[in-house]
Protein chains: 2
Amino acid sequence: MPRPRTRLLDRERIVAAALAELEVNGQLTMSAVSRRLSVHVSSLYEHVRDRAELVDLIREVVTSGLDEDLSEVPAGAGWREPLEQWLVSYRAAFARHPRAIGLLTTEPIRSHRAARGYDRVLGLLARAGVSPQEAMATLTALECFVLGSALDAAAPDAMVEVDDDDARGPLGEALRAEPSPERRADHAFTTGLRLLLDGLAASAPASSSS
Amino acid sequence: MPRPRTRLLDRERIVAAALAELEVNGQLTMSAVSRRLSVHVSSLYEHVRDRAELVDLIREVVTSGLDEDLSEVPAGAGWREPLEQWLVSYRAAFARHPRAIGLLTTEPIRSHRAARGYDRVLGLLARAGVSPQEAMATLTALECFVLGSALDAAAPDAMVEVDDDDARGPLGEALRAEPSPERRADHAFTTGLRLLLDGLAASAPASSSS
DNA sequence: ACCTGAACACCGTTCAAGT
DNA sequence: ACCTGAACACCGTTCAAGT
């Protein structure tokens with residue numbers, strides 16, 4: 001029975017099914033999405049140009065609501081707190097859909113929404129004393145850390161696995177001093193974030209951070 | 001003519017073809033590798049258990065020679081220089097095969113060679129004043145930045161793309177202040193590396209870095 | 001031991017056909 | 001407009017067959 005009178009598909013439902021599929025199986029195939037929706041594969045192409053466009057839609061859902069936090073930064077406020085907040089919510093957005101990260105980080109970001117977000121972050125960096133020549137490099141470095149951390153959060157356990165032999169060395173010791181696997185990635189992110197912001201503060205004009 | 005007397009395949013040649021295929025087409029398929037070697041697909045399985053094992057072999061080739069630099073760090077030396085060198089060569093190893101990064105960062109590292117390398121890096125962090133409780137988190141944070149930067153190096157242009165509208169804002173200005181696309185990613189990596197090491201130095205015991 | 005070729009269960013995508 | 005079903009060119013992997 002082609003074309004039932006009650007609409008079976010729309011982009012929203014397809015994206016939701018795609019995210020569910022990523023969460024459960026860790027990979028995105030059009031066939032799996034269609035099975036999840038009890039629909040033939042080819043029906044998806046009525047709503048979505050191709051797999052790449054579906055990935056674009058997923059990216060938008062994952063990163064939506066990322067910059068609203070930034071829009072309300074008071075002009076007189078310091079740079080460290082709002083910058084930290086942005087980085088935290090940036091990573092959290094990706095960490096909410098960990099197995100989608102690999103899919104989303106291969107293509108450059110193109111949305112106007114994102115561009116305005118970057119505008120504001122660059123303002124914060126200027127307040128921290130970052131020169132215009134280093135602004136983009138600093139912003140990119142922060143993003144590299146955030147995305148690397150999001151990827152790390154997607155990994156089930158640590159980036160390293162040791163056997164009994166290796167466990168006797170300093171690495172084994174350090175691994176045993178780690179908190180529970182659930183907090184492992186969070187701990188690493190918090191630590192790196194502090195290092196980066198401390199590094200920024202070290203070369204910032206005095207008393208500009210509070 | 002099955003089984004020619006001159007051996008057509010071995011693991012080394014297969015890995016080389018796989019890396020070439022990744023460099024040219026950006027993705028790894030057994031079929032493409034076999035075509036590149038003028039051999040039937042199924043012949044590959046005589047030398048390699050499956051695609052996952054081929055990925056493991058690629059990982060070994062890419063990361064080989066990463067820790068030799070570390071083995072010769074004098075006991076009395078400072079922490080900052082050798083740590084920086086390790087991070088630089090770590091990223092360089094992945095950046096040499098940029099399109100392979102996505103393939104290599106999904107699985108945890110398991111080799112003994114890598115474990116001994118981490119042992120030495122943890123020693124450097126201890127010298128920098130990092131507590132045992134924070135050692136693994138700090139190491140992971142550094143790795144997150146390195147891998148994020150390697151992924152960034154794989155991206156042809158910047159992580160953001162702007163149209164004429166967005167180009168008028170601070171983002172457009174910052175993008176225009178950037179160096180050539182070839183040095184863009186290197187600049188970001190150097191900048192972030194400095195921030196992280198400055199951050200470590202900020203909480204390190206005085207005069208321990210030189 | 002090492003390679004071929006057919007086979008199987010999967011992909012993404014297109015297109016004619018139905019309502 | 002929206003969905004089906006067949007079709008095509010691709011995957012990864014297995015296996016019997018050849019030398």
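Chain letters run A, B, ... following the sequence lines, proteins first and then strands; every chain starts at 1.
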When you measure from the side-chain N and O atoms of [X] to the phosphate of [N], is any distance below 4.0 Å, counting only OP1 and OP2?
X	N	result
A:H47	D:dC3	yes
A:R13	D:dC2	no
B:S43	C:dT4	yes
B:R35	D:dC11	yes

Should the ring pair A:Y118 and A:W86 be called parallel, tilted or perpendicular, given that the plane angle runs from 0 to 90° and is split at 30 and 60?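 The arrangement is perpendicular - the two ring planes meet at more than 60°.
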
Please check if the number of heavy atoms outside A:E173 that lie under 6.0 Å from its CD is greater than 12.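 No, not enclosed.
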
Within the side chain of A:R91, is there an N or O that forms a donor-acceptor pair under 3.5 Å with the backbone of A:V146?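 No, the answer is negative, given that no donor and acceptor are paired below the 3.5 Å cut-off.
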
Taking A:D164 for the side chain and A:A167 for the main chain, is one N or O donor matched with an acceptor at less than 3.5 Å?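 It does not hold such a pair.
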
Which string of ( ) [ ] | and . matches DNA chain C, if you list each base 5' to 3' and count Watson-Crick or G-U pairs only when both distances are under 3.5 Å? ||.|||||...|||||.||

From the options A:L57, A:V39, A:L37, A:I58, select the one residue that forms a side chain to side chain contact (heavy atoms under 4.5 Å, CB included) with A:I14.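 Among the candidates, only A:L37 passes.
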
Return each pair, listed once, that meets salt bridge (charged side-chain N to carboxylate O under 4.0 Å, His left out) where at least one residue sits in residues 24-52 of chain B; pairs must be two or more places apart or across chains.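 Every pair satisfying salt bridge (charged side-chain N to carboxylate O under 4.0 Å, His left out) with a residue in residues 24-52 of chain B: B:E21-B:R36.
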
Taking only nitrogen or oxygen atoms into account, show me every contact under 3.5 Å that the protein makes with nucleotides 12-14 of chain C, one pair per line with its distance.
unit_1 : atom_1 : unit_2 : atom_2 : d
C:dG12 : OP1    : A:M30  : N      : 2.7
C:dG12 : OP2    : A:M30  : N      : 2.9
C:dG12 : OP2    : A:S31  : N      : 3.1
C:dG12 : OP2    : A:S31  : OG     : 3.3
C:dT13 : OP2    : A:Y45  : OH     : 2.9
C:dT13 : OP2    : A:R51  : N      : 2.9

